[in-house]
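Beneath this line is the structure, given in structure tokens, with notes to follow.
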Amino acid sequence: MTEHTSTDWEPKIVAFLCNWCSYAGADLAGVSRLQYPPNVRVVRVPCSGRVNPLFILSALRNGADGVLVSGCHPGDCHYTSGNYTARRKFALLKRYLEFVGIEPGRVKFSWISASEGPQFAELIRAITDEVRSLGPATRLVKRKEVS
Amino acid sequence: MGLKRIDKSRLGSFLSDLMKERDVIAPVRRGDVVRFRPIESADEAVFDEWNTRVPLKEVFFPQTECLYTYGSDPGRIDIKPPPPPRERVVVGVRPCDARSIAILDHVFASGDRQDNYYVDKRNRTTLVGMACLHPLDTCFCGAVGGSPFGEEGLDALLIDTGASYVAGALTEKGEKLLGGWEDATAEDESAVAQAREAAEKAVEGRAVPDGVKAVLDECFEDPVWERIHERCLGCGTCSYLCPTCHCFDMTDEPTAAGGRRMRVWDTCMFPLFTRHASGANPRPSGKERMRQRVMHKFRYFLDNYDVTACVGCGRCVIHCPVNLDIREVLQQIEKLRK
Amino acid sequence: MSVTDEIREVAKKLLREKQVELVIGYEQGTLPMRTRPVFVRSEEEADRLIWTGWCENDLVGYLAGRDGRTAIVAKACSVRAIVNCIRESRLKREDVVIIGVRCKGILDRGRVQDLLKGRTLTDAAIEGDELVLSGSDFEERVPCKTVLREECLYCTDPEPAGADYVVGPEAETKAVEDEYADIREMEQKPLDERWEWFSREMDKCIRCYACRNACPVCYCKECFADSTSPEWLSKGDALEDKQFFHIVRAFHTAGRCVDCGTCERVCPMGVKLRVLTRKIQKDVKELFGADAGTDLESALPLATFRPDDPDDFTE
């Protein structure tokens, strides 16, 4: 494997986007040719409620420098209440992860609707900048290199 | 070589000198728990704890061990074993733990079964024991072939006589180690003899009833097993803290371009231990698993290697969260004798 | 009549009248300071049942999966665990006969060990509100309340509400100023210090799963830690795996943990697990106003929602 120097490290951000709102919003950003950093890797889920906290932790464990979960605005969930139960889960998880010492800038939650292309782009820009300033993730990361 | 001695105040510099040429592993206290750890300075070592929480086996058979790493490029696979272990001396080993290594040798280093990971460490380790002056009420080494002043498995044995340590070299390695020590005095020798007598007396007549093996040979189907396991949680405390338990699992951890093959401790107390890929499990409940553990240690191991797979350290007795006391279990079994 | 006698009497009555086939309680252990779970199936065996301040671990995990009715000796925290399990449909109320005990608090073997300073204990008898520690050459009396388990210090109401039978003298409720003071203190520390603390604690773990197996609300048929597909974490004692395991296990008890303290008590390595569970418990109380096991009616906090739930954590 090639060595990466610190100057060419780029943050890897995993974003779990709900199909009906946030994913569509990201798609709209794309067709509108709005520019946002290419550091984000999108995982499409049917609903933010589908996101098991294990996914977020798994992403961190496998070396994601930042994780975003984004869903429909509360009240607008395509499945009526998926994001409501998600909201409770994530409210707890965010506080808990920060409590054990995971940098809060690495795990983010948002509500982005299908029409909010610009907001999505802006959010990715902001998150990427923040994660870049935090540097590569080291906490919870299971060593990937072979030797 | 006769008995040797060293003033307690000088043991530290002896260890520091050792550290110049080899790794030194000793009981180290972190919080409430004492474990064998490599030390950077002599004052990290503690010798006043009755025994380490996790037994000596982890020095030869670590809980997590990389067996090899593998990487691949098109057309080839590279397998890289880990670097060889360094020479090391382990100090502060209780005789029960030392004996346990001799027992583990049957599994990992006997005949044509030579586990090179274990053997490489074994060959590069010198074991220095610390005799037990005050066995705990839970110690029953005497009942399973050991002794608080036992020498089996050790290269040298230290006895704390108050202001000094008196030591006996038991092997060539031990003789080399103690080469620079003064000769022990006659007072030292008599202090040692007295301490040995007191300690051996303390563990006399404890725990394992004679003839329990003969009962185990016959009682596999006995309903007593239904009740014995009932409160068992099926956790790994007893097996992981046991000096002679040695079951393991192997698992691959893939990485970006290859992976690592790991060996990790496992225990027959976990349901997963014998679960088949089909979902079927030949030991479906705690009853079968508890029975298996007792049988393995007190019957099958004896059949295979002529020695009980238990050194009477008492860790399982002290730490089982539900006070499943192996001494009591063996007594219950023995009572089945018709 | 002592609490022990009361429990035995109730147990014998239940067995005699064939109301239950099994009574799960505590009996004397083989070491000082130890009791252990006992499974009583006859009036004769019922004489093994005891109640003392050494009746440590929660017994609720032994209840499920049995035919017929089972009686269980339960202090207030265990009753809350049972209520939680009933809310989750893990247990049916009609299958359980709760012999509630007004517990005065469980004693902490670790704190007693510290007091002993290396001396060997031969007996640790509780006489009223005093603990009598005896060895071959000493006898010492300490007030029980100076060596209570931490979770018992925060127990505001020892009345086993909802039990079928209640034994024991009236216990005082007490006010606790701030049961989460230590969690708040931890929250104020710098992030890196918290990570240091967390990593040091997790380093002690040996993945024995005693915490998980003893916990009354951990009962998944397949624990995430044992899953191979997907394989969330590795076996063995690599620090990242231990961190992962405990972060997730504690989180799985969110809204369900009753702080019975059993996880910490059974841990052979002294890992301070309750700091994690109580942080989550505190947040559940503050964010959602829910207290696990106190309410047979309301929905479980993580299975429900309110349109005005806190939203300040989102971007």
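Convention: sequence-line order gives letters A, B, ...; per-chain numbering from 1.
When only modelled atom types and interatomic distance are considered, B:Glu328 and C:Thr30 share no side-chain donor-acceptor pair under 3.5 Å.
B:Val33 touches chain C through its side chain: at least one heavy atom from C-beta onward sits under 4.5 Å away, while N, CA, C and O do not. Only the side chain of B:Leu272 has a heavy atom closer than 4.5 Å to any heavy atom of chain C. Heavy atoms closer than 4.5 Å to chain C are found nowhere in B:Ser239, neither backbone nor side chain. Of the atoms belonging to B:Cys320, it is backbone heavy atoms, and not side-chain ones, that fall under 4.5 Å from chain C. In this structure, the portion of B:Val54 lying under 4.5 Å from any heavy atom of chain C is its side chain and not its backbone. Proximity to chain B (any heavy atom under 4.5 Å) is shown, for C:Leu233, by neither the backbone nor the side chain. Contact of C:Ala238 with chain B is made through the backbone alone, with heavy-atom distances under 4.5 Å. Contact of B:Phe270 with chain C is made through the side chain alone, with heavy-atom distances under 4.5 Å. Contact of C:Phe39 with chain B is made through backbone and side chain together, with heavy-atom distances under 4.5 Å. Heavy atoms of B:Glu230 lying under 4.5 Å from chain C belong to its backbone as well as its side chain.
By the 4.5 Å heavy-atom criterion applied to side chains, B:Arg35 and C:Ile206 are counted as neighbours. Between C:Lys204 and B:Arg30, the closest side-chain pair of non-hydrogen atoms is not below 4.5 Å. In this structure the side chain of B:Thr251 reaches within 4.5 angstrom of the side chain of C:Glu231, judged on heavy atoms. Between C:Arg41 and B:Arg227 there is a side-chain heavy-atom pair separated by less than 4.5 Å. Two residues are said to be in side-chain contact when any heavy atoms from C-beta on lie closer than 4.5 Å; C:Tyr209 and B:Thr267 fail this criterion. Residues B:Cys235 and C:Val266 are not in side-chain contact: their nearest non-hydrogen atoms beyond the backbone lie 4.5 Å or more apart. B:Asp249 places a side-chain heavy atom less than 4.5 Å from the side chain of C:Lys235.
Taking both residues in full, the closest heavy atoms of B:Thr237 and C:Cys208 are given as OG1-SG, 3.5 Å, listed atom of the first, atom of the second, then distance. Annotation for B:Thr138 and C:Leu31: closest pair CG2-CD2, 3.4 Å, computed over non-hydrogen atoms. In terms of heavy-atom proximity, C:Ala214 sits nearest to B:Leu233 at CB-CD1, 3.6 Å.
Atom CZ of C:Arg207 and atom CH2 of B:Trp265 lie 13.0 Å apart (nearest 0.5 Å). Summarising the geometry, atom OG1 belonging to C:Thr120 is positioned 11.5 Å from atom CH2 belonging to B:Trp50; distances are rounded to the nearest 0.5 Å. Taken to the nearest 0.5 Å, the NZ atom of C:Lys242 stands 7.5 Å off from the OG1 atom of B:Thr64. Rounded to the nearest 0.5 Å, atoms CZ (B:Arg275) and CG (C:Asp226) are 8.0 Å apart.
Between chain C and the residues B:Leu136, B:Val317, B:Leu241, B:Leu324, the largest count of heavy-atom pairs under 4.5 Å involves B:Val317. Looking only at heavy-atom pairs under 4.5 Å with chain B, the residue among C:Asp203, C:Thr262, C:Asn57 that has the most is C:Asn57. Across C:Ser234, C:Gly270, C:Cys267, the residue that shares the most heavy-atom pairs under 4.5 angstrom with chain B is C:Ser234.
Counting heavy atoms of neighbouring residues, nucleotides and ligands inside a 6.0 Å radius, atom CD of B:Glu197 does not exceed 12 of them. Other residues, nucleotides and ligands contribute more than 12 heavy atoms inside 6.0 Å of the NZ atom of C:Lys189. Heavy atoms from other residues, nucleotides or ligands lying under 6.0 Å from CD of C:Glu222 number more than 12.
Between the side chain of C:Arg34 and the backbone N or O of B:Ile318, at least one donor-acceptor pair lies under 3.5 Å.
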